Amino acid sequence: MRVRIAPSPTGYFHVGGARTALYNWCFAKRHNGVFVLRIEDTDAERNKEEWVAGIASALTWLGINWDEGPYRQSQRGEHYQAALEELWSNGYLYACDCTREIVLERTKANATPGYDGFCRDRGLDRQPGRALRFKVPREGVTVVTDVIRGEVRFANSTIDDFVVAKSNGNPLFVLAGVVDDREMRISHVIRAEEHLPTTPKAVLLWEALGVAALPLPVYAHLPVLVNDKRQKISKRRDRVAIEDYRAQGFLPEAMVNYLALLGWSPGDGREYFSLEDLVTEFDLGSVNHSPAFFDEAKLLHFNGVYLRELPVESFIARCCQWAAEDAQSQVAADFASAEFARLAPLVQERAATLSEAASLVEFLFVADYETETESFEKAILRDPDAGSILAEARERLEEGSFEAAALKGEISDLGEKHGRKLGKVQAPIRAAVLGRGVGLPLFESLEVLGRARSLERLDAAIERLAASRPEDPSA
RNA sequence: GCCCCCAUCGUCCAGCGGCCGAGGACAUCGCCCUUUCAAGGCGGAAACACGGGUUCGAAUCCCGUUGGGGGUGCCA
């Protein structure tokens, strides 16, 4: 079995393309087949080399390796020219000199979809400046056999005489795709549903080509991925680049797992699969028919699960690696520190992404770390007891053990004096020292932060409070 | 307009004629646990688009309607 993905480098690689790649890859691996990467860049005006690199790196990151390629259609011109030659000499094509405007006009005036075939019988010569169109049979039906959708029938009368070569001589994607699929001996074409309407054209072309009959590939049209408005995900409109998720600190294994579930399930309720599991479990025949919404909330959940599953050392390593890849060298160094290692298990439990992990320990690493205004107001300014709690905490933390357990004892004792439970006394202290209303467990954080910095921040909060309440004589 | 695809909780899936007074997961709500927040545990609310058939029996099969989506390019 031989499959391929054929992305066009006209933008970043998005989750839809990644899912298509994943399904193809799983199918190929499961059947000991070959997975081909082919870049469809026949439209020179719209393609950019950087996007090719982006596709390759996204696939690599996901763990989806290709066995052949990347082939580039832009470098296979002679194959398409040969095919055009053959089709022309066998009478399947005709030249067309209609301008874009004329085509549009004629299309509008006609009841049938697309170009009305005006040039079909004009007997125009094949020459530069003229496009080449395929003579679609006027009668009959073209059937597309699809693993997922069954037999889809298209009346030939509803298919227009499509262009196979532009007036500049370059082939169009349908032609290039068919030629490549034939020469690369592609056995299964697994791609997004949006390609279904052009498939009968490919079938017609396939049958017109080649002296020896080559069996048609088996088609499988995957349901599209949609946004929250249930429109097909688009590179321009929706922010769904694989690269972005990577930069945000998602794990490739979580992404792969989530993507696999968008349109497929094993049927028994299991939801966690590694790439290796998918090779044995994935089945093209049980792919869904209807569009799926890419739900970031669920992806986030999966990512958290995968993050928590990691041994702590691996978690730390992944943090470092992620920061380094994203060229955040300072953050990478922070992640590699002994301080982070001490807090890592607590971070791991709470972070849903690697960037969240970074944010949870900012209080430890950011110089001149300040309490967020909102947290300051809520936990300190609006709390009439905050001033005295902070002052007393400062006093108690000045001496004695600075280990979490001891700190906890001190603070809960302090709390009792104020008639507050532990959760309530720690609020102003947390805001003062960790800078936020929520975050890592307080005492462990204090311990790692150390006495000196903890006291400094308590002092800063006390001062800030005094400055914020000049009218308050007790402050 | 024309062609094609699709239709189960908010979302992703299970269901492929009786086991469904519809199951799981995410999200959501409540409670428990608790050092804030998470994580975890327990519980709740939440769906077969509609109308006709077929059948002893339909979420499951057929037809239609409605709704959504995709395509309709000398883009892929």
Side-chain angles (χ1 to χ4, degrees), chain A residues 6-10 40-43 45-47 73 96 98-100 103-104 107-108 110-115 130-133 144 146 148-149 152-155 157-160 162-168 170-174 176-177 191-200 221 223-224 226 228-232 258 261-271 288-295 297-302 304-305 308 346-352 360 379 404 407-408 411-412 421-427 429-431 434 436-445:
Chain A
S8 68
T10 55
E40 304 227 323
D41 54 355
T42 51
D43 188 350
E45 314 234 317
R46 292 154 44 99
N47 299 308
Q73 293 191 326
C96 171
C98 293
T99 61
R100 186 185 172 73
V103 171
L104 219 66
T107 298
K108 258 191 179 169
N110 203 291
T112 55
Y115 182 63
R130 287 178 182 170
L132 256 28
R133 288 180 183 273
V144 173
D146 188 289
I148 298 171
R149 290 159 212 284
V152 185
R153 311 171 72 80
F154 297 85
S157 59
T158 65
I159 304 171
D160 72 329
F162 54 98
V163 172
V164 291
K166 305 181 195 180
S167 50
N168 67 10
N170 287 145
L172 232 78
F173 66 95
V174 205
R191 35 130 83 135
E193 190 193 344
E194 65 208 69
H195 296 279
L196 188 50
T198 64
T199 306
H221 286 96
V224 292
V226 297
D228 57 339
K229 294 191 185 101
R230 304 215 68 89
Q231 296 164 313
K232 180 181 78 166
Y258 178 64
L261 260 22
L262 244 31
W264 171 84
S265 85
D268 57 11
R270 285 176 301 142
E271 287 201 301
N288 250 47
H289 296 185
S290 39
F293 168 61
F294 185 84
D295 185 5
K298 188 154 183 175
L299 206 214
L300 215 46
H301 175 259
F302 270 77
V305 169
R308 272 174 258 126
L346 302 176
V347 175
Q348 191 175 3
E349 180 92 3
R350 288 163 180 76
L360 279 168
L407 296 171
K408 182 179 179 183
I411 302 301
S412 48
K421 294 210 171 179
L422 194 49
K424 293 287 184 190
V425 240
Q426 64 161 312
I429 304 172
R430 166 185 297 284
L434 303 193
R436 301 183 194 171
V438 299
L440 261 23
L442 179 62
F443 308 113
E444 289 78 356
S445 301

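Since the model is a prediction, treat every value here as computed from it, not as a measurement. Chain identifiers are assigned alphabetically (A, B, ...) following the order of the sequence lines, protein sequences preceding nucleic acid strands; residue numbering begins at 1 within each chain.
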J.: Let me know the distance between CZ of A:F294 and C1' of B:C26, rounded to the nearest Å.
T.: 13 Å

J.: Are the side chains of A:T199 and A:R191 in touch, meaning some heavy atoms are under 4.5 Å apart?
T.: yes

J.: Whole-Å distance between B:U35 P and A:L442 CG?
T.: 12 Å

J.: Side chain of A:E271: nearest nucleotide among B:C5, B:A27, B:G24?
T.: B:G24

J.: Contact between A:Q426 and A:P441 at the side-chain level, heavy atoms closer than 4.5 Å - yes or no?
T.: no

J.: Using a 4.0 Å heavy-atom cut-off across all strands, classify A:G267 as base, sugar-phosphate, or nothing.
T.: sugar-phosphate

J.: By the 4.0 Å heavy-atom rule, please label A:R149 as base, sugar-phosphate, or nothing.
T.: sugar-phosphate

J.: Looking only at atom C1', what distance separates B:U8 and B:A58, rounded to whole Å?
T.: 14 Å

J.: Rounding to the closest angstrom, what is the interatomic distance between B:U11 and B:C48 at atom P?
T.: 12 Å

J.: B:G1 pairs with which nucleotide, Watson-Crick or G-U wobble, both distances below 3.5 Å?
T.: B:U72

J.: What's A:R153 touching, base or sugar-phosphate or nothing? Going by heavy atoms closer than 4.0 Å.
T.: sugar-phosphate

J.: Sort out the partner of B:C37 for me: Watson-Crick or G-U wobble, both distances under 3.5 Å, none otherwise.
T.: none

J.: To the nearest Å, how far apart are A:I411 CD1 and B:U34 P?
T.: 20 Å

J.: Sugar-phosphate atoms are those with a prime plus P, OP1 and OP2; base atoms are the rest. Using that split, label each nucleotide of nucleotides 70-76 of chain B B, S or - for protein heavy atoms under 4.0 Å, 5' to 3'.
T.: BSSSBBB

J.: Over all strands shown, is A:G263 touching base, sugar-phosphate only, or nothing at heavy-atom distances under 4.0 angstrom?
T.: sugar-phosphate

J.: Under 4.0 Å, heavy atoms only, any strand: does A:L261 hit a base, just the sugar-phosphate, or nothing?
T.: sugar-phosphate

J.: Provide the distance between the two C1' atoms, one in B:U65 and one in B:C6, to the nearest whole Å.
T.: 15 Å

J.: How far does the P atom of B:A49 sit from the matching atom of B:A7, given to the nearest Å?
T.: 10 Å

J.: Describe the nucleic acid contact of A:F154 in one word from base, sugar-phosphate, nothing, applying a heavy-atom distance below 4.0 Å.
T.: sugar-phosphate

J.: Expressed in whole Å, how much space separates the P atoms belonging to B:C16 and B:C4?
T.: 30 Å

J.: Taking the side chain of A:R350 as its heavy atoms from C-beta onward, which of B:U36, B:C4, B:C6 lies nearest to it?
T.: B:U36

J.: Can you tell me, in whole Å, how much space there is between the C1' of B:G52 and that of B:G41?
T.: 49 Å

J.: Does the side chain of A:L434 come within less than 4.5 Å of A:R436's, by heavy atoms?
T.: no

J.: Describe the nucleic acid contact of A:F293 in one word from base, sugar-phosphate, nothing, applying a heavy-atom distance below 4.0 Å.
T.: sugar-phosphate

J.: Give a yes/no answer on whether the side chain of A:N288 brings an N or O atom under 4.0 Å of OP1 or OP2 in B:A7.
T.: no

J.: For a quick check, tell me whether the side chain of A:K298 and the base of B:A25 share a donor-acceptor pair closer than 3.5 Å.
T.: yes

J.: Using the P atoms only, state how far B:C26 lies from B:G43, rounded to an integer number of Å.
T.: 14 Å

J.: Mind calculating the distance between CG (A:D295) and C1' (B:C13) to the nearest angstrom?
T.: 12 Å

J.: Do A:L132 and A:V163 make a side-chain contact, defined as non-hydrogen atoms from C-beta onward lying under 4.5 Å apart?
T.: no

J.: To the nearest Å, give me how far apart CZ (A:F302) and P (B:A27) are.
T.: 10 Å

J.: Would you kindly give the CD-to-P distance between A:E349 and B:U36, to the nearest whole Å?
T.: 14 Å

J.: Taking the side chain of A:P441 as heavy atoms from C-beta outward, which of B:C5, B:A7, B:U36 is closest to it?
T.: B:U36

J.: Which letters describe nucleotides 40-46 of chain B, given B = protein heavy atom under 4.0 Å from base, S = only from sugar-phosphate, - = neither?
T.: -------

J.: Could you tell me how far apart A:L346 (CG) and B:U36 (P) are, to the nearest whole angstrom?
T.: 14 Å

J.: P atom, B:C62 versus B:G18: distance in rounded Å?
T.: 16 Å

J.: To the nearest Å, how far apart are A:E444 CD and B:U36 C1'?
T.: 12 Å

J.: So what does A:L440 hit on the nucleic acid, given a heavy-atom distance under 4.0 Å: a base, only sugar-phosphate, or nothing?
T.: base

